[in-house]
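Notes follow the structure.
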Amino acid sequence: MMSCKQVSTLMSTGGLADAPLRQRLAVRLHLMMCDKCSTFKRWLELMGVAARAESHAHEDEAPADLEARTLRRLERSQL
Amino acid sequence: MWSVGTPLLPTTVRSAAELPLYDMGVTDPLARLRRREPATLHEIVHQNTRRLFRAAQGMGFSSAEADDLVQDVFVTFLETLDRFEGRSQVSTWLFGILHHKVQERRRSRARDDLHDPVDELFESKFDAKGKWIAPLPSPDRVASSAQAAGAIADCLQGLPPLHREVFHLREVEELSAADVSNIIGRTVTHVGVLFHRARLRLRECLDGKGWSPPR
């Protein structure tokens, strides 16, 4: 039986995706029974959602002519 | 010689996005890249400029600095193209260059902290058997409010640079731990530790900024 600390660490390091099937199933089982680890998981998920939303808001801030300027610089650097 | 005035796309291709850059069956994309074919370079700039700009900003650089960094990344990319062996994706290679540029700009390479106080904070939340001593407050109720969304920007600002970079690459760019390991030149395990520490710091910070209901 995995402890809360082991489950939380595995989720938080992002190592769960590469963990063996048996370990992934153990985590899933643990989460079904443990509200505290489920809350921690919810924190991790929401932080990801918020960070992506925050960062994608920046995407439109890239100057419209940055691509063209970059291409001009590349052309100069090849001369 | 390539010039900006050179027609960049064959007439049969309606948009740059249709270029079979990764279609090994037609022409070896690596060979096209090595020949510095204008259409290929243009496509790479087009596909990666916004993403790199966003990442540079995500790592804490201003718009002007991010603008400079993006251009520098592509210039270095062109200069070092002959060393690109095609084992990783072009975007991973570009993020690797960005990482080095960022390190140069920060002048000193971020320290490899073997010890981090946030580890003790995490430890202190569990008893000897590894069970949570007290439940964490639930983030559900307020996390979607506009105020709470602004809090993440503040909290990201407060992360150590390397934590912030790893968090961005893993969580926003959604790159694998193996890709991030290649980009920043650390082991996959170390990437996991940095990601873990970044998330713990963020959670503590957000908890203090109203992401959880008052206790």
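In what follows, chains are A, B, ... by sequence order, proteins preceding strands, each numbered from 1.
With sequence neighbours left out, the disulfide bond (SG atoms under 2.5 Å apart) criterion links A:Cys4 to no other residue. Checked against salt bridge (charged side-chain N to carboxylate O under 4.0 Å, His left out), B:Arg170 has no partners two or more places apart in sequence or in another chain.
Taking 4.5 Å as the heavy-atom cut-off, the residues of residues 27-37 of chain A that approach chain B are A:Lys36, A:Cys37, ordered by number. Residues of residues 13-25 of chain A lying under 4.5 angstrom from chain B, judged on non-hydrogen atoms, are A:Thr13, A:Gly14 by number.
What you find for B:Gly130 and A:Ser3 is that their closest heavy atoms are O-CB, 3.7 Å. In terms of heavy-atom proximity, A:Thr39 sits nearest to B:Ser138 at CG2-CA, 3.9 Å. Closest heavy-atom contact between A:Arg73 and B:Asp68: NH1-O, 4.4 Å.
Residue contact with chain A, scored on non-hydrogen atoms closer than 4.5 Å, involves the side chain of B:Glu174 exclusively. With a 4.5 Å cut-off on non-hydrogen atoms, B:Leu194 does not touch chain A at all. In this structure, chain A has a heavy atom under 4.5 Å from the side chain of B:Phe126, while its backbone stays farther away. For chain B, the nearby parts of A:Thr9 are the backbone and the side chain; heavy atoms of each come within less than 4.5 Å. With a threshold of 4.5 angstrom between heavy atoms, A:Met2 does not approach chain B through any atom at all.
For chain A, the option among B:Asp72, B:Thr189, B:Asp127, B:Val73 with the highest count of heavy-atom pairs below 4.5 Å is B:Asp72. Heavy-atom pairs under 4.5 Å with chain A peak, among B:Phe195, B:Phe167, B:Trp132, at B:Trp132. The candidate from A:Met11, A:Arg69, A:Gln6, A:Glu67 with the greatest count of non-hydrogen atom pairs under 4.5 Å with chain B is A:Glu67.
Counting only heavy atoms from C-beta outward, the side chains of B:Arg199 and A:Trp43 never approach each other to under 4.5 Å. A heavy-atom distance below 4.5 Å is not found between the side chains of B:Glu171 and A:Met47. With contacts defined as side-chain heavy-atom distances shorter than 4.5 Å, the pair A:Leu74/B:Phe77 does not qualify.
A salt bridge is defined here as a Lys NZ or Arg NE, NH1 or NH2 lying under 4.0 Å from an Asp or Glu carboxylate O, and A:Lys5 with B:Glu123 meets this definition.
Of the listed residues (A:Leu66, A:Thr70, A:Asp65), just one forms a side chain to side chain contact (heavy atoms under 4.5 Å, CB included) with B:Asp67, and that residue is A:Leu66.
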Self-check item: A:Ser12 vs B:Phe122, side chain to side chain contact (heavy atoms under 4.5 Å, CB included): CA-CA, chis, key distance, verdict
Solution: CA-CA 11 Å; A:Ser12 177; B:Phe122 184 64; 5.8 Å; no
